[in-house]
Amino acid sequence: MATQEQIDSARRHIEQLRDHHAGDVIALARLVDAGALKGPAGDRLATDLRTWDRAVRDQFARALSLLATLHPTGPGTPPG
């Protein structure tokens with residue numbers, strides 16, 4: 001099992017990855033919306049970006065939910 005410190009560290013890391021992902025996707029979506037890729041290919045990319053973004057955000061949410069269910073162990077704490 002993990003200690004509370006390890007759980008908190010994992011949570012912070014997941015949140016950092018989630019925030020970094022959001023920034024990258026927003027930047028890419030803005031490029032596409034600004035006309036960096038026009039026509040059907042740009043439309044498909046914009047749709048794919050939204051789909052991919054939703055899926056990745058769901059994974060981050062699941063990871064954070066899983067962390068919330070963990071019961072930390074540590075000195076003086078009985079396992080399980």
Side-chain angles (χ1 to χ4, degrees):
M1 275 299 186
T3 65
Q4 186 63 48
E5 182 178 310
Q6 291 169 322
I7 293 169
D8 292 342
S9 177
R11 180 178 294 108
R12 284 189 303 273
H13 189 70
I14 292 167
E15 289 169 345
Q16 288 171 348
L17 289 171
R18 178 195 61 199
D19 295 345
H20 183 79
H21 159 79
D24 287 348
V25 169
I26 288 169
L28 188 53
R30 284 182 180 157
L31 281 172
V32 173
D33 289 342
L37 189 60
K38 297 179 188 224
D43 295 342
R44 280 192 306 274
L45 179 57
T47 300
D48 289 347
L49 278 172
R50 285 190 295 275
T51 302
W52 179 70
D53 180 47
R54 275 191 301 275
V56 173
R57 281 187 288 132
D58 287 347
Q59 290 300 318
F60 286 131
R62 286 183 192 134
L64 290 170
S65 291
L66 178 61
L67 283 177
T69 67
L70 295 179
H71 301 287
T73 59
T77 305

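Note that these values count all heavy atoms, side chains included, but never hydrogens, waters or copies made by symmetry. Positions are given from 1, in the same order as the sequence printed here.
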Next on the checklist: Just to verify, what does Ala2 make a side chain to side chain contact (heavy atoms under 4.5 Å, CB included) with, not counting sequence neighbours?
Outcome noted: Gln6, Ile7

Next on the checklist: Rounded at 0.5 Å granularity, tell me how far CG in Leu67 sits from NE2 in His13.
Outcome noted: 11.5 Å

Item to check | Taking every non-hydrogen atom, the tightest pair across Val25 and Trp52 | outcome: CG2-CZ3, 3.2 Å

Item to check | Counterpart residues, side chain to side chain contact (heavy atoms under 4.5 Å, CB included), relative to Ala22 (two or more places apart) | outcome: none

Next on the checklist: If the condition is side chain to side chain contact (heavy atoms under 4.5 Å, CB included), which residues does Gln59 pass it with, not counting sequence neighbours?
Outcome noted: Arg62

Checklist outcome for this item: Quick note, side chain to side chain donor-acceptor pair (under 3.5 Å) partners involving residues 21-46, not counting sequence neighbours, are His20-Asp24, His21-Asp53

Checklist entry - Closest heavy-atom contact between Val32 and Ala46? => result CG1-CB, 4.1 Å

Checklist entry - So, for Ala63 and Ile14, which heavy atoms are closest and what is the spacing to 0.1 Å? => result CB-CD1, 3.8 Å

Item to check | With sequence neighbours excluded, residues passing side chain to side chain donor-acceptor pair (under 3.5 Å) with Gln4 | outcome: Asp8

Item to check | Inter-residue atom distance Ser65.OG - Leu70.CG, 0.5 Å rounding | outcome: 11.0 Å

Checklist entry - Can you list every ring-ring contact (aromatic ring centres under 6.0 Å, His included) pair that touches residues 22-46, not counting sequence neighbours? => result none

Item to check | Sequence-distant partners of Leu66, side chain to side chain contact (heavy atoms under 4.5 Å, CB included), two or more places apart | outcome: Thr69

